[in-house]
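As structure tokens, the structure follows; a few thoughts come after it.
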There are 2 protein chains.
Amino acid sequence: METVRQKRCEAQARVIKALAHPTRVFLVEELANGPRCVCELTALVGTDISTVSKHLAILKNAGIVQDERRGTQIFYSLRVPCILNFFQCVGAVLEAVAEEHQAVVLNARA
Amino acid sequence: METVRQKRCEAQARVIKALAHPTRVFLVEELANGPRCVCELTALVGTDISTVSKHLAILKNAGIVQDERRGTQIFYSLRVPCILNFFQCVGAVLEAVAEEHQAVVLNARA
DNA sequence: TTCTTATTTGGCTAAAATAGAAAATAGGAA
DNA sequence: TTCCTATTTTCTATTTTAGCCAAATAAGAA
């Protein structure tokens, strides 16, 4: 494949990879409701704060979220709102899969 | 986080993870133009056919593509068209990042 | 059946991702 | 300054992924 296209696919994969983790999906979803500080997010996720911090750093690096210090805390927020449509499509895939399973079950019974 | 939500995030992450590789982004993009057999895709990608086959299996497992045998060949095709809007948003993220870099450079010069 | 082509699968190694614990930083308050 | 809280970074162990080669499978042709 041509180099330009290859570079583009690599860049896209880098962004997608940043979203490819359950905790990070959760974080993005949560940030859709507005800015949250790391401590709030940590409480919601329920793992070590250093782990949450690292997940946020990955999202930030990919350009998906941004951070802002407010006194002693750091608030993260979504940078690109369309990221939520993104999840809609993922939902569509999951529905398609679920329907297929349903069909398989029905066929097995028939 | 509640278990139901956790399960949902895990399911979403599984789909997203299937897309989180340059070659798989390329394959999905290519399949947007219509069904292609493994050998065609292999020629385009330029790696070992077994590698391409495994990437396709990952996409199929996630419910993103489907396969169909036609004689001696197996054709893959997109199962969920909206997967392409998906990439649009990724493009938006990349643009946002590019703009920021631009801004940083300009500030540095000023 | 045997040969040939197309594709998948198993085995192996190298590289990348993940998570927690502990140490380092940053800012505000006493 | 010293203490305290919030966050990031470093270190280390573990797990997951990626890619090539070789072997296995599948379907059609001879």
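A note on names: the letters A, B, ... follow the listed sequences, proteins ahead of strands, and every chain is numbered from 1.
In this structure, the separation between NZ on K7(A) and CD on E10(A) is 5.5 Å, given to the nearest 0.5 Å. Note that CD of Q6(A) is 9.0 Å distant from CZ of F26(B), once rounded to the nearest 0.5 Å. Taken from OG1 in T42(B) to NE2 in H55(B), the straight-line distance is 10.5 Å, to the nearest 0.5 Å. Between the CZ atom of F87(A) and the CD atom of Q12(B) there is a distance of 6.0 Å, given to the nearest 0.5 Å.
Nucleic acid contact for R24(A): sugar-phosphate only, since backbone atoms but no base atoms lie under 4.0 Å from a heavy atom of the residue. Within 4.0 Å (heavy atoms only), K17(B) reaches sugar-phosphate atoms of the nucleic acid but no base atom. Looking at heavy-atom distances under 4.0 Å, I49(A) makes contact with a base.
Counting only heavy atoms from C-beta outward, the side chains of L19(A) and I83(A) approach each other to under 4.5 Å.
We find that CZ of R36(A) is positioned 18 Å from C1' of dA6(D), with the value rounded to whole Å. Following rounding to the nearest Å, Q73(B) (CD) and dT4(C) (P) show an atom-to-atom distance of 19 Å. If you measure from atom CD1 of I58(A) to atom P of dT8(D), you get 12 Å, rounded to the nearest angstrom. As rounded to whole Å, 11 Å separates atom P of dT16(D) from atom NE2 of H21(A). L56(B) places its CG atom 14 Å from the C1' atom of dT9(C), with the value rounded to the nearest Å. Atoms CG (L27(A)) and P (dT7(D)) sit 13 Å apart, rounded to a whole Å. Atom NZ of K60(B) and atom P of dT7(C) are 13 Å apart (whole Å). To the nearest angstrom, C1' of dT7(C) lies 16 Å from CG of L59(B).
Neither OP1 nor OP2 of dG19(D) sits under 4.0 Å from any side-chain N or O of T51(B). Phosphate contact (OP1/OP2 of dT8(C), side-chain N/O of Y76(B), threshold under 4.0 Å): present. For the pair H55(A) and dA19(C), the criterion of a side-chain N or O lying under 4.0 Å from OP1 or OP2 is met.
Hydrophobic clustering of Ile, Leu, Val, Met, Phe, Trp and Tyr side chains at less than 4.5 Å, counting indirect connections, keeps I58(B) apart from L78(B).
Side-chain N or O atoms of R24(A) include none that pairs as donor or acceptor with a backbone N or O of L59(A) at under 3.5 Å.
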Letter by letter from the 5' end, nucleotides 21-30 of chain C scores (B base, S sugar-phosphate only, - none; protein heavy atoms under 4.0 Å) BB----S---
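Listed nucleotides dT7(C), dG20(C), dT7(D) differ in distance to T47(A); the shortest reach to its side chain belongs to dG20(C).
Checking A20(A) against C39(B), the closest nucleotide of DNA chain C that is more toward the 5' end is the one next to C39(B).
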